[in-house]
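In what follows, chains carry the letters A, B, and so on, assigned in the order in which the sequence lines appear, proteins first and then strands, with residues in each chain numbered from 1.
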Amino acid sequence: MSKKVRVRFAPSPTGGLHLGGVRTVLYNYLFAKKHGGDFILRIEDTDQSRYVPGAEEYIFDCLRWCGLEPDESVQHGGAFGPYRQSERKPIYREYAEKLIAQGDAYYAFDTPAELESMRENYKTEQNPSPQYDHTLRLKMRNSLTLSPEEVTALLTSGTPHVIRIQMPGTGSISFTDMIRGEVSFDMATVDDKVLLKADGMPTYHLAVVVDDHLMQISHAFRGEEWLPSAPVHIRLWEKLFGREAMPAWAHLPLILGPNGKLSKRDGAKYGFPVFAMNWTDPKTGETVEGFRERGFLPEAFINLLSMLGWNDGTEKEIFSLDELVQAFSMERVHSAGAKFDYEKAKWYNQEWLRGKPVQEIILALRSQFESLNSLNSLNSLRLERIVELVRDRCHLLTDFKEQMSYFMEYPKTVDVAAIQPKWNVEKTAFFQALMDRYGAMESWSAASLEESFKTLATEQSIKPGELMLPLRIMLVGGKFGPGVFDIADILGKEETLHRIGVLIPQLANN
RNA sequence: GGCCCGUUCGUCUAAGGGCUAGGACACCACCCUUUCACGGUGGUGAUACGGGUUCGAAUCCCGUACGGGCUACCA
């Protein structure tokens, strides 16, 4: 029988969680759940120099928001911990030493300066970036070129060193990618990657192989940017645990920005979020906006991400997470990268907003806008009517703020210029009379307000069309929003009369 | 430069050798609407190029071009 499906994602706590990262998590998650397996989250904190405090918690917060909680992780426990790479340090050295004993790796004592001068010295026009590979390793200071005595002496004296894989200078290596099929590499073109760093921490290359083995990972899905280093990982599997035990690989297509691989800079540059949630770098204080704060619903965020490189073969585009789990298959994941389209992203959110009960929208709005929480229960009822009225005009949760603002307080700006040129004494008279009529009304409803308005207009021989816009400007402040009489209805008698009354003298005097 | 991956409307994509290359976003027009949206109807718009294989190619093969990724003691 096939072993249980176990997939893992290994974020590095060095910053925010971007679109591509969340999508990788999502596809891992979907595949695992579809096959009744586990989704493991391992923290890739090997590079201490870039480790940012708070980033680890941030990653979990993002996943929680998206509804993609791992089954095993630093925070959730599990049988294969620890899940933080820094806490697994001794394990990696053991396997690195094993490779050396087998003759598949070696110690290298080259200093950063020596490496730099190597790259400088061997740089040519044909080869601008020489690699530490089979053509150059015998010219460097390592356990291949030094005598055993020298090596022992350097080691015992505590000389800083790394362990490098020794890639063969001939032959090729190939594997089957679930998305791309057979991929093969000429081993002579692959360099001797560092496996264990001078500080004793593993590089990704060693860690991913050792951990995938120890954590019994059955499927390894990651971004396409890892494809070039796949031969190193395949080689490590061959030498350490055997190819039969190796997980199935899938290299996901990249999510592209307007210019190549999506970067966090693109967000600021083109005006859309690139991170799941706001991320503030504690070192620089710089904040990059997240989809959540921009007003996206998690369902929509997940949905739009899922469709960037995958579809179910039908014309269905709106999927809940549960539906995705059902419909997902790695066979239908694309091989080509997908350019992120913010306009379409907003459309997904609009669709999700449309299908949501008012109460849930209000709940989401309350969590986003503190000011809404101060409303009492009576206003809460009013809030429901308002949300129902403006929801069709909103793509994002944040759009509600603007759409609802004139219900909550007097309009911040009033576009008097839109009606001033056509204002006259007849209109002044009309609105004064309207205030009397409205003031005397017993039943305050949109229908009765409209009827009364039109009757008065007819009596005074003014076309209602001439008066609708002025009324709107008075109540809303601009040329937007739902029907004026609905607005007046919700505003209530007192506030409606106040807003009309305030503007009449202004218009009449100019 | 080298290695690897990729290429269908502007964007996301459907079509796994056989209808007029279908849908969605965006855009345009019209309808609805005495505002702005929503909605409805319709429209513009694509198989990168060149060779093969085949009765027949978007689809399979080769080449070219273009795009992207990698080329760190980062992931």
Novice: Record whether the side chain of K344(A) comes under 3.5 Å of the base of A24(B) through a donor-acceptor pair of N or O atoms.
Specialist: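 For K344(A), whose side chain was compared with the base of A24(B), there is a donor-acceptor pair (under 3.5 Å).
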Novice: Which part of the nucleic acid does R222(A) contact within heavy-atom distance under 4.0 Å: base, sugar-phosphate only, or nothing?
Specialist: nothing
Novice: Could you let me know what U53(B) is paired to, Watson-Crick or G-U wobble, both distances under 3.5 Å, or none if it's on its own?
Specialist: none
Novice: Base, sugar-phosphate alone, or nothing: which one does A198(A) contact when heavy atoms must sit under 4.0 Å apart?
Specialist: base
Novice: Looking at every strand, decide which applies to T314(A) at a 4.0 Å heavy-atom threshold: base, sugar-phosphate, or nothing.
Specialist: nothing
Novice: Is any NZ, NE, NH1 or NH2 atom of the basic residue among E116(A) and R119(A) found under 4.0 Å from an Asp or Glu carboxylate oxygen of the other?
Specialist: no
Novice: Quick one: the side chain of R180(A) and the base of C5(B), do they pair up donor-acceptor inside 3.5 Å?
Specialist: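 Per atom types, no contact qualifies.
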Novice: I want to verify the glycosidic state of C38(B); is it syn or anti under the 90° rule?
Specialist: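 Syn, which is what one calls it when the glycosidic angle falls within 90° of 0.
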Novice: Please report, rounded to the nearest Å, how far the C1' atom of G6(B) is from the CG atom of D177(A).
Specialist: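 Going from D177(A) (CG) to G6(B) (C1'), I get 13 Å.
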Novice: For U35(B), take OP1 and OP2 only and decide whether either is under 4.0 Å from a side-chain N or O of R393(A).
Specialist: no
Novice: Now, which nucleotide makes the Watson-Crick or G-U wobble pair with U41(B), with each of the two distances under 3.5 Å?
Specialist: A29(B)
Novice: Any ion pair linking R93(A) and E97(A) (charged N to carboxylate O, less than 4.0 Å)?
Specialist: yes
Novice: Is any side-chain N of the basic residue among D211(A) and R88(A) closer than 4.0 Å to the acidic one's carboxylate O?
Specialist: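 Yes, charged N to carboxylate O under 4.0 Å.
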Novice: Let me have the donor-acceptor pairs involving side chains of residues 157-166 of chain A, under 3.5 Å, with sequence neighbours excluded, atom names and distances please.
Specialist:
{"unit_1": "S157(A)", "atom_1": "OG", "unit_2": "A153(A)", "atom_2": "O", "d": "3.1"}
{"unit_1": "S157(A)", "atom_1": "OG", "unit_2": "L154(A)", "atom_2": "O", "d": "2.9"}
{"unit_1": "S157(A)", "atom_1": "OG", "unit_2": "T159(A)", "atom_2": "OG1", "d": "3.0"}
{"unit_1": "T159(A)", "atom_1": "OG1", "unit_2": "L154(A)", "atom_2": "O", "d": "2.9"}
{"unit_1": "H161(A)", "atom_1": "ND1", "unit_2": "T159(A)", "atom_2": "O", "d": "3.0"}
{"unit_1": "R164(A)", "atom_1": "NH1", "unit_2": "D192(A)", "atom_2": "O", "d": "2.7"}

Novice: Between K339(A) and D341(A), is there a side-chain N and carboxylate O pair less than 4.0 Å apart?
Specialist: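 No salt bridge links K339(A) with D341(A).
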Novice: Which part of the nucleic acid, if any, lies within reach of Y348(A) when heavy atoms closer than 4.0 Å are counted: base, sugar-phosphate only, or nothing?
Specialist: nothing
Novice: Regarding G478(A), tell me which of base, sugar-phosphate or nothing describes its non-hydrogen contacts under 4.0 Å with the strands shown.
Specialist: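 Touches nothing.
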Novice: Return the pairing partner of C19(B) with a 3.5 Å limit on both distances, Watson-Crick or G-U wobble; otherwise return none.
Specialist: none
Novice: Grab the CH2-P distance between W347(A) and U13(B) for me, whole Å please.
Specialist: 14 Å
Novice: I want to check one thing: is the phosphate of A14(B), taken as OP1 and OP2, less than 4.0 Å away from some side-chain N or O of H334(A)?
Specialist: yes
Novice: Any strand counts, and the cut-off is 3.5 Å on both contacts for Watson-Crick or G-U wobble. Which nucleotide pairs with C73(B)?
Specialist: none
Novice: Rounded to whole angstrom units, what separation is found between the CD1 atom of I386(A) and the P atom of A37(B)?
Specialist: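 Distance, rounded to whole Å: 21 Å.
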Novice: Base, sugar-phosphate alone, or nothing: which one does D415(A) contact when heavy atoms must sit under 4.0 Å apart?
Specialist: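 Nothing, no nucleic acid heavy atom in range.
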Novice: Would you measure the distance from the C1' atom in G43(B) across to the matching atom in G50(B) and give it in whole Å?
Specialist: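 Result for the C1' pair: 34 Å, nearest Å.
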Novice: Pair up each side-chain donor or acceptor in residues 175-184 of chain A with any protein partner under 3.5 Å, not counting sequence neighbours, and list the distances.
Specialist:
{"unit_1": "T176(A)", "atom_1": "OG1", "unit_2": "E182(A)", "atom_2": "OE1", "d": "3.0"}
{"unit_1": "D177(A)", "atom_1": "OD1", "unit_2": "I179(A)", "atom_2": "N", "d": "2.8"}
{"unit_1": "D177(A)", "atom_1": "OD1", "unit_2": "R180(A)", "atom_2": "N", "d": "2.9"}
{"unit_1": "D177(A)", "atom_1": "OD2", "unit_2": "H251(A)", "atom_2": "N", "d": "2.9"}
{"unit_1": "D177(A)", "atom_1": "OD2", "unit_2": "H251(A)", "atom_2": "ND1", "d": "2.7"}
{"unit_1": "R180(A)", "atom_1": "NE", "unit_2": "H251(A)", "atom_2": "O", "d": "3.3"}
{"unit_1": "R180(A)", "atom_1": "NH1", "unit_2": "S335(A)", "atom_2": "O", "d": "3.1"}
{"unit_1": "R180(A)", "atom_1": "NH2", "unit_2": "H251(A)", "atom_2": "O", "d": "2.6"}
{"unit_1": "E182(A)", "atom_1": "OE2", "unit_2": "S174(A)", "atom_2": "OG", "d": "3.4"}

Novice: In whole angstrom, what separates R42(A)'s CZ from A75(B)'s P?
Specialist: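 Those two atoms, CZ and P, are 11 Å apart.
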Novice: What's the NZ-P distance between K339(A) and A26(B), to the nearest Å?
Specialist: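 Rounded to whole Å, this separation is 18 Å.
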Novice: Nearest of U35(B), C38(B), C73(B) to any side-chain atom of R472(A)?
Specialist: U35(B)
Novice: Please state the P separation for the pair C19(B) and G56(B) - nearest whole angstrom.
Specialist: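 Approximately 15 Å lies between the P atom of C19(B) and that of G56(B).
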Novice: Using a 4.0 Å heavy-atom cut-off, does R391(A) contact any base of the nucleic acid, only the sugar-phosphate backbone, or nothing at all?
Specialist: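 Nothing, no heavy atom under 4.0 Å.
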Novice: Taking only the P atom of each, what is the distance from C5(B) to A24(B) in whole angstrom?
Specialist: 35 Å
Novice: Tell me the partner of U11(B), counting only Watson-Crick (N1-N3 plus N6-O4 or O6-N4) or G-U wobble (N1-O2 and O6-N3) with both under 3.5 Å; none if nothing fits.
Specialist: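 Because both required distances fall under 3.5 Å, U11(B) counts as paired with A24(B).
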Novice: For A72(B) and K197(A) - does any side-chain N or O of the residue sit under 4.0 Å from the phosphate oxygens OP1/OP2?
Specialist: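 No, K197(A) has no side-chain N/O under 4.0 Å of OP1/OP2 on A72(B).
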Novice: Using atom C1' in both nucleotides, what's the gap between C60(B) and U53(B) to the nearest angstrom?
Specialist: 8 Å
Novice: One thing to verify: whether K427(A) and E466(A) come together as a salt bridge, which I'm taking to mean a side-chain N less than 4.0 angstrom from a carboxylate O.
Specialist: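 Salt bridge between E466(A) and K427(A), a charged N being under 4.0 Å from a carboxylate O: yes.
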Novice: V476(A) near the nucleic acid: base, sugar-phosphate alone, or nothing, with a heavy-atom cut-off under 4.0 Å?
Specialist: nothing
Novice: Please determine if D415(A) and K479(A) form a salt bridge, counting it only when a charged side-chain N lies under 4.0 Å from a carboxylate O.
Specialist: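 No, no charged N to carboxylate O under 4.0 Å.
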Novice: Taking a pair as Watson-Crick or G-U wobble with both distances under 3.5 Å, which nucleotide is matched to A58(B)?
Specialist: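 Its partner is none (no Watson-Crick or G-U wobble pair with both distances under 3.5 Å).
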Novice: Can you see if the side chain of T203(A) gets near the phosphate of C74(B) - specifically, an N or O under 4.0 Å from OP1 or OP2?
Specialist: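 No, outside the criterion.
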Novice: Using Watson-Crick or G-U wobble geometry with both distances below 3.5 Å, tell me the partner of U64(B), or none.
Specialist: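 For U64(B), the partner nucleotide comes out as A48(B), under the 3.5 Å rule.
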Novice: P atom, U8(B) versus G68(B): distance in rounded Å?
Specialist: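 Looking at atom P only, U8(B) and G68(B) are 14 Å apart.
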Novice: When the distance from CD of Q48(A) to P of A75(B) is rounded to whole Å, what number comes out?
Specialist: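 Going from CD in Q48(A) over to P in A75(B) covers 10 Å.
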Novice: Suppose you measure atom C1' in G10(B) against the same atom in A48(B); what distance do you get, rounded to whole Å?
Specialist: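 Taking atom C1' in both G10(B) and A48(B), they lie 16 Å apart.
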Novice: Looking for any heavy atom pair under 4.0 Å, which part of the strands does S335(A) touch: base, sugar-phosphate only, or nothing?
Specialist: sugar-phosphate
Novice: Over how many whole Å does the gap from E317(A) atom CD to U11(B) atom C1' extend?
Specialist: 12 Å
Novice: Would you indicate what H251(A) reaches in the nucleic acid, counting non-hydrogen atoms under 4.0 angstrom: base, sugar-phosphate, or nothing?
Specialist: nothing
